[in-house]
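In what follows, a single structure is set out as C-alpha cells and then discussed.
First the proteins, then the strands, lettered A, B, ... as listed; each starts at 1. Atoms considered below: every heavy atom in the structure, side chains included; atoms not considered: hydrogens, waters and symmetry mates.
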Amino acid sequence: MSRNAKINAVLLFVVAALAVLPLAFGLGDHKKEPFTGSDTEAETAITEIEPDYEPWFSPLYEPPSGEIESALFALQAALGAGVLAYYFGLRRGRRQGELRGSARRDDGQGPPPAAAGGTGGAGGTSGAGGSAAGRA
Amino acid sequence: MHIAEGFLPPAHAVAWGIASAPFVVHGVRSLTREVREHPESTLLIGASGAFTFVLSALKLPSVTGSCSHPTGTGLGAILFRPPVMAVLGTITLLFQALLLAHGGLTTLGANVFSMAIVGPWAGYGIYRLLRRLDVPLMVAVFFGAFVADLSTYCVTSVQLALAFPDPSSGFLGALGKFGSIFAVTQIPLAVSEGLLTVLVMRLLVQSSKGELTRLGVFLARKQSGTRTAESAETTAATKTSETTETVVR
C-alpha cells in the first residue's frame with residue numbers, strides 16, 4: 001500500500017470511528033428515544049417554547065413508511081456516489097490512456113507495435129494510438 | 001439541519017425566501033457562465049453537486065445522542081466559489097423537500113439561506129484566509145469544509161431562535177436551546193465532513209491536477225490578478241500532472 005493510499009485509509013477510518021464511537025459508548029442512553037434526528041428534537045423544542053404553535057403547512061408528499069423513506073435516502077446517496085465514481089473512474093481512465101500514449105511515443109524508436117520498420121511509420125502509429133486513448 | 005415544513009411562521013418563511021432569492025439567481029448566472037466559458041468544468045461541477053447529495057443523505061450519530069447529517073457544500077465552494085453552491089445546495093434541498101418530506105417548501109428559503117448561502121460563503125472565507133496566510137492546502141480545505149458545515153447549523157439555530165424566542169429568557173435563551181440541539185450535535189459531524197472533503201480533494205489532486213490549477217486551488221497568497229499568468233502555466237501543468245504524483249501539502 002502506498003503512502004498516499006495509507007493516508008486515505010486513515011482518513012476514512014477516523015470518519016468511521018467518529019460515527020461508531022457515540023453508538024459504542026451508548027451516548028444516547030440518557031434519552032427516551034436515542035439517536036433521533038436533530039430536526040425532530042428541534043420540533044419538540046419549538047412546541048415546548050410555544051405549545052400553541054401549529055405547523056401551517058404540511059409536506060406535499062410524505063413517504064408512506066420508514067422503509068420507503070430510507071429507500072429514498074439510499075437513492076439520494078446512490079445517485080451522488082454514482083456520479084462521483086463516474087467522475088473519478090473517467091479521470092483515471094483518461095490518465096492511464098494518456099500515460100500509455102506517451103509511453104508508446106517515448107519508446108517509438110524501440111520495437112514498434114505494428115513492426116512498421118521505419119521510424120516515421122512508428123511515429124505515425126503511436127501518435128494515432130495516443131490520441132485514440134486520449135479520447136477514450 | 002432542515003427546518004421542517006410549516007415550522008416557520010409565514011412572515012419568517014417569506015422573509016428568508018426574499019433574502020435567499022437574489023443569491024440563488026446570481027448563482028444560476030455564475031453557474032451558466034462557468035459552464036459556457038469552461039465546458040470542461042461541467043463534470044467537476046456535477047461531482048461537487050454529487051458530493052453534497054451523498055453527504056446530506058448520510059445521517060450520522062453524534063456525541064449528543066442524536067443524529068444529524070453533514071452538508072457537503074464546502075468542497076464546491078472551494079472549487080467553484082460560493083455562488084455555484086447556492087444553486088447546487090438548493091437543488092439538493094428541493095430533492096429532499098419534495099421526495100423525502102425532509103425540510104419543506106415553506107422553509108426552503110430559510111434552509112437555502114443556511115446551507116446553500118451562509119455555509120459556502122463562511123467556508124470559502126476561512127479557506128481563502130488560511131491560504132492567504134500560507135497555510136497548507138489540505139489544512140485550509142479541512143477548515144473550510146468544517147466551517148461551512150458548522151456555520152450552516154449555527155444559522156439554523158439563529159433562524160429558529162428568531163422565530164421562537166423563549167418566553168422567559170428571550171432570543172438568547174432560545175438560541176442556547178436550539179444551538180445545543182443543532183450546533184453541538186454538529187461538531188463531530190463537521191470534523192467528519194472536513195476529513196471527507198480532504199479525502200476527495202486528495203483524490204482530485206491526483207486525478208485532476210490541470211483542472212485544479214485552472215481553478216486556482218494551488219495558488220497561495222497570490223491575488224486574483226496573477227491568475228491570468230497562472231492560467232498560462234495550466235497547460236504545462238496538465239502535461240506534467242500524469243508524471244508527478246506528489247501530494248500537495
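For a residue to count as touching a neighbouring chain, one of its non-hydrogen atoms must lie under 4.5 Å from one of that chain's; by this rule Glu62(A) touches chain B with backbone and side chain alike. Interface remark: Leu21(A) contributes no atoms to any contact with chain B (heavy atom separation under 4.5 Å). Interface remark: Gln96(B) contributes side-chain atoms only to the contact with chain A (heavy atom separation under 4.5 Å). Residue contact with chain A, scored on non-hydrogen atoms closer than 4.5 Å, involves the side chain of Ala13(B) exclusively. Heavy-atom distances place the side chain of Phe178(B), and not its backbone, under 4.5 Å from chain A. Neither the backbone nor the side chain of Phe25(A) comes within less than 4.5 Å of any heavy atom in chain B. Neither the backbone nor the side chain of Leu55(B) has a heavy atom closer than 4.5 Å to any heavy atom of chain A. With a 4.5 Å cut-off on non-hydrogen atoms, Leu204(B) touches chain A through its backbone and its side chain both. When heavy atoms are compared at a cutoff of 4.5 Å, Tyr61(A) approaches chain B by way of both its backbone and its side chain. Proximity to chain A (any heavy atom under 4.5 Å) is shown, for Phe164(B), by both the backbone and the side chain. With a 4.5 Å cut-off on non-hydrogen atoms, Leu199(B) touches chain A through its backbone and its side chain both.
Across all non-hydrogen atoms, the minimal contact from Phe53(B) to Gly80(A) is CB-CA, 4.0 Å. The two residues Leu93(B) and Leu108(B) have their closest heavy-atom pair at CB-CD1, 3.8 Å. Among all heavy-atom pairs drawn from Leu18(A) and Pro188(B), the shortest one is CD1-O, 3.9 Å. The two atoms that bring Leu212(B) and Met201(B) nearest to each other are CD1-SD, 4.3 Å, heavy atoms only.
When the candidates Leu60(B), Leu58(B), Leu43(B) are compared by the number of heavy-atom contacts under 4.5 Å with chain A, Leu43(B) comes out ahead. With respect to chain B, the highest number of heavy-atom pairs below 4.5 Å among Gly82(A), Ala19(A), Ala74(A) belongs to Ala19(A). The most heavy-atom pairs under 4.5 Å with chain A, out of Ala101(B), Cys67(B), Ser62(B), come from Cys67(B). Interface remark: of the candidates Leu23(A), Leu79(A), Leu84(A), Val83(A), Leu84(A) forms the most heavy-atom pairs closer than 4.5 Å to chain B. When the candidates Phe88(A), Phe73(A), Trp56(A) are compared by the number of heavy-atom contacts under 4.5 Å with chain B, Trp56(A) comes out ahead. Comparing Glu43(A), Glu48(A), Glu50(A) by heavy-atom pairs within less than 4.5 Å of chain B, the highest count is held by Glu43(A). Between chain A and the options Thr185(B), Leu195(B), Thr92(B), the largest number of non-hydrogen pairs under 4.5 Å is found for Leu195(B). Contact tally against chain A (heavy-atom pairs below 4.5 Å) for Val200(B), Leu100(B), Leu160(B), Leu196(B): the top residue is Leu100(B). Chain A forms the most heavy-atom pairs under 4.5 Å with one residue out of Pro167(B), Pro9(B), Ala97(B), and that residue is Pro9(B). Ranked by heavy-atom pairs under 4.5 Å with chain A, the list Pro61(B), Ala47(B), Gly49(B), Gly46(B) is led by Pro61(B). For the options Pro63(A), Ala85(A), Ala16(A), heavy-atom pairs under 4.5 Å to chain B are most numerous at Pro63(A). Most heavy-atom pairs under 4.5 Å with chain B: of the set Leu72(A), Leu12(A), Ile46(A), Leu11(A), this distinction falls to Ile46(A).
Using a 3.5 Å distance cut-off with no hydrogens or angles, the side chains of Glu5(B) and Thr107(B) do not pair a donor with an acceptor. Thr71(B) and Tyr153(B) share no side-chain donor-acceptor pair at under 3.5 Å. Looking only at atom types and distance, the side chain of Ser38(A) has no donor-acceptor partner in the side chain of Gln186(B) under 3.5 Å away. Residues Ser2(A) and Asn4(A) have side chains that never bring a donor and an acceptor to within less than 3.5 angstrom of each other.
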Practice task
Apply salt bridge (Lys or Arg N to Asp or Glu O under 4.0 Å) to the pair Arg94(A) and Glu211(B), showing each step before the final yes or no.
Solution key: CA-CA 13 Å; Arg94(A) 270 192 195 157; Glu211(B) 185 87 20; over 6 Å; no
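Ser102(A) places a side-chain N or O within donor-acceptor distance of the main-chain N or O of Leu99(A), the cut-off being under 3.5 Å. Remark: the backbone N or O of Pro39(B) is paired with a side-chain donor or acceptor of Thr42(B) at under 3.5 angstrom.
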Which pairs of donor and acceptor atoms, one on a side chain in residues 26-37 of chain A, lie under 3.5 Å apart (sequence neighbours left out)?
{"unit_1": "His30(A)", "atom_1": "ND1", "unit_2": "Leu27(A)", "atom_2": "O", "d": "3.1"}
{"unit_1": "Lys31(A)", "atom_1": "NZ", "unit_2": "Glu41(A)", "atom_2": "OE2", "d": "2.8"}
{"unit_1": "Lys31(A)", "atom_1": "NZ", "unit_2": "Thr64(B)", "atom_2": "O", "d": "3.2"}

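Side-chain contact between Leu203(B) and Tyr87(A) is absent, with no heavy-atom pair separated by less than 4.5 Å.
Using a 4.0 Å cut-off between charged side-chain N and carboxylate O, Arg95(A) and Glu98(A) make no salt bridge.
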